[in-house]
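All residue numbers in this chain count up from 1 along the given sequence. This structure is a prediction, so every number in the text was calculated from the model and none was measured.
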Amino acid sequence: MEGLVQGLTGVFQALEQLWSIVPLPTLYLAAMAGVILWGGSLRGRIFQLGAREAMGWGIWVWLAWLAIRLLRLTLVTGWDTLHRLLWYGFYPCMGLLIFLVVWISFASNRRPEDGMLPRWLQGLLILDLLLAGLVLTNDWHQQVFRIFPSPGHHRDVYTYGSGYFLILGSYLVQLLLANGWLAWRAWKEKFSLLNLWAPLTILLLYGGYIAGYILRVPCCFRTEFVLRTAVFGFLWMESLLRCRLLPGNSQYRDCFLHSRLGLHILDRQGRTVYQCRQLAVPPEGDWQRRTMPISGGQVVWYQDMGELRRQKEKLELTVQTLRRAYALRKNWEKIRRERINQQTRQRIYAEVEGILQSKGPLFIRYARTLELAKPGEEGRQVVARLNVLACYLKKQCVLLLRGREDNSLPSRELVLAVRELCRYLERTGLKTLVDVRLEGQLPVETALGFFQLLEEASEEAVRQKEQSQICCIKEKQGGWELSLLWDPHPWVREFAVRNQAKYGLGLSWLELEYGNSLVLRSQRRDGP
């Protein structure tokens, strides 16, 4: 740090010797050219749109301030009022520059594409302009400077008023605000403290210079304030970019130059402008030169096509494998669906065959009885029983097939089957009163069980010479119920005991005052 301070002191001494030799108007003209070149370079390297726009306005303000100072140096002696107004003109430029510094530091924490000026910054601009107006009207109120005319080399002797310290405090607060934002960005981005030494050193040196100028220390007060402020200001902006407190393009350029992409950027004449560190292109291998036009030139790079072609071959093999697997999968799905359909048909055929086989012995017995029966009532009775049996088999198969799709059956199908069976039973001499109180759907197993019990119990009633019966099918809370009622006879109990294992615990018989009842209950199942 001491070496840096000594180096800056030597630079300022050399500049002081140069300014004593070269006329001041020439220095200011050179400074205006330097502002255009250096300021344009800074603006081109700034990445954030708002900060770039602020830097562009700053170049114009610096040129205006240098022009005012140059005009004041070249005016004819004797125009004291105009000299004083030009001196007052320093403060609008200083206020605008302070405002632009705040804008740049604020924009450094914004998104790169954000170029909007917030309302509070617009209010700060108005405040700085009002303070500059206070200085410009000093001749009327003497609140900023109290000027006493003097015939000496410095024609005006002045002291500071309360308005001067107000303006100085405002500028100091804005500078602290701007540097506070930059420090916040450094803390948020986890910058090393070593990156902050250059901006802080320049800021402290300029603060010492301002303090010496205000206190009228000879080595500071008898110097060109505008030129020194310009040097400090541009050095401060340069240090912000190089320390990356202000987002700039230089870091992206460094990233490109030190990368291993193997890219070249050529101008329109084919000359290399930028060349990043690249891997050497070996003579063997499948390398291909690629180019792409850009604004003002072209980009050149080399691509290893060998690896790409190898990956392409692997990809083609993978595609072929996937296509074969898809074809096998498609055929497998087709075979699986056919197998499921076949299994379903076989199961239905087996169930239908089971129904037919269950009545096979009864068919044979009726057929033999019909062969031996004499014409008349006996033969007619056998035919009627065969019709009942055929009706049962037909309707049982119909109920089975219609209910296998979703394992449920409309209650209307069961009612139709029961009524048709009862019509055939009447031809055997058994009259049936049917009372059905069902709605909606019921499980196909329940319907088949009810219909089978009705047919078997009715066949037994015909053999027991019953003349009538009552059939009631209804839906109860929690399930369904089939009840058959006959006159009181012992065969009902014997039939229930004999078929208990076949129908399960749902089958029961009741002895009532007016007859015997056979009841089959089926519970409702929750879920699929």
With T229 as reference, evaluate W65, W62, Y206 under the side chain to side chain donor-acceptor pair (under 3.5 Å) test and give the passing residue. Y206

Any donor-acceptor N/O pair, R52 side chain to I46 backbone, under 3.5 Å: yes

For I214 and Y164, run side-chain contact (heavy atoms from CB on, under 4.5 Å): C-alpha distance rounded to whole Å, both residues' side-chain angles, the deciding distance at 0.1 Å, then the answer. CA-CA 11 Å; I214 295 173; Y164 179 82; 3.4 Å; yes

Please round to the nearest 0.5 Å and tell me the distance separating atom CG of L315 and atom CD of Q320. 10.5 Å

Can you tell me if W181 has over 12 outside heavy atoms packed within less than 6.0 Å of its CH2? yes

If I compare all heavy atoms of P25 with all of T74, which pair ends up nearest, and what's the gap? CG-CG2, 4.3 Å

Pairwise side-chain contact, M94 with I167, heavy-atom cut-off 4.5 Å (strictly under): no

Kindly compute the distance separating NZ (K474) from CD (E439), expressed to the nearest 0.5 Å. 14.5 Å

Would you please classify the geometry between the F145 ring and the Y160 ring as parallel, tilted or perpendicular, with 30° and 60° separating the classes? tilted

Run the salt-bridge test on R45 and E238 with the 4.0 Å N-O cut-off and return the result as yes or no. yes

Using every non-hydrogen atom in the two residues, find where L121 and F99 come nearest and quote the distance to one decimal. O-CE1, 3.1 Å

Do you know which two heavy atoms are closest between R69 and F90, and how far apart they sit? CD-CZ, 3.8 Å

Given side-chain contact (heavy atoms from CB on, under 4.5 Å), test V101 with L97 step by step and report yes or no. CA-CA 6 Å; V101 166; L97 288 175; 5.5 Å; no

Output for pair (I104 CD1, M237 CE), nearest 0.5 Å, gives 4.0 Å

Spacing of L414 atom CG and Q441 atom CD [to the nearest 0.5 Å]: 11.5 Å

Side-chain touch L136/L85, heavy atoms, less than 4.5 angstrom: no

Just how far is it from atom CZ of R228 to atom CG of L205, taken to the nearest 0.5 Å? 12.0 Å

Closest heavy-atom pair, L134 versus H141, reported as atoms and distance to 0.1 Å, is O-NE2, 3.0 Å

So L96 and L125, side-chain contact (heavy atoms from CB on, under 4.5 Å) or not? Walk me through it. CA-CA 7 Å; L96 289 175; L125 174 61; 3.6 Å; yes

Roughly how far apart are S522 OG and L448 CG, rounded to 0.5 Å? 11.0 Å

Looking only at non-hydrogen atoms, find the nearest pair between I68 and C93 and report the distance. CD1-SG, 4.0 Å

Would you check if the distance from the ring center of F106 to the ring center of W120 is below 6.0 Å? yes

Nearest heavy-atom approach of S170 to L127 is OG-CD2, 4.5 Å

Should Y91 and L131 be marked as a side-chain contact (heavy atoms from CB on, under 4.5 Å) after you check the CA-CA gap, both sets of side-chain angles, and the distance that decides it? CA-CA 8 Å; Y91 287 87; L131 293 176; over 6 Å; no

Between Q143 and G161, is there a donor-acceptor pair closer than 3.5 Å when you use the side chain of the first and the backbone of the second? no

Should W38 and L235 count as side-chain neighbours, where that means a heavy-atom distance under 4.5 Å? yes

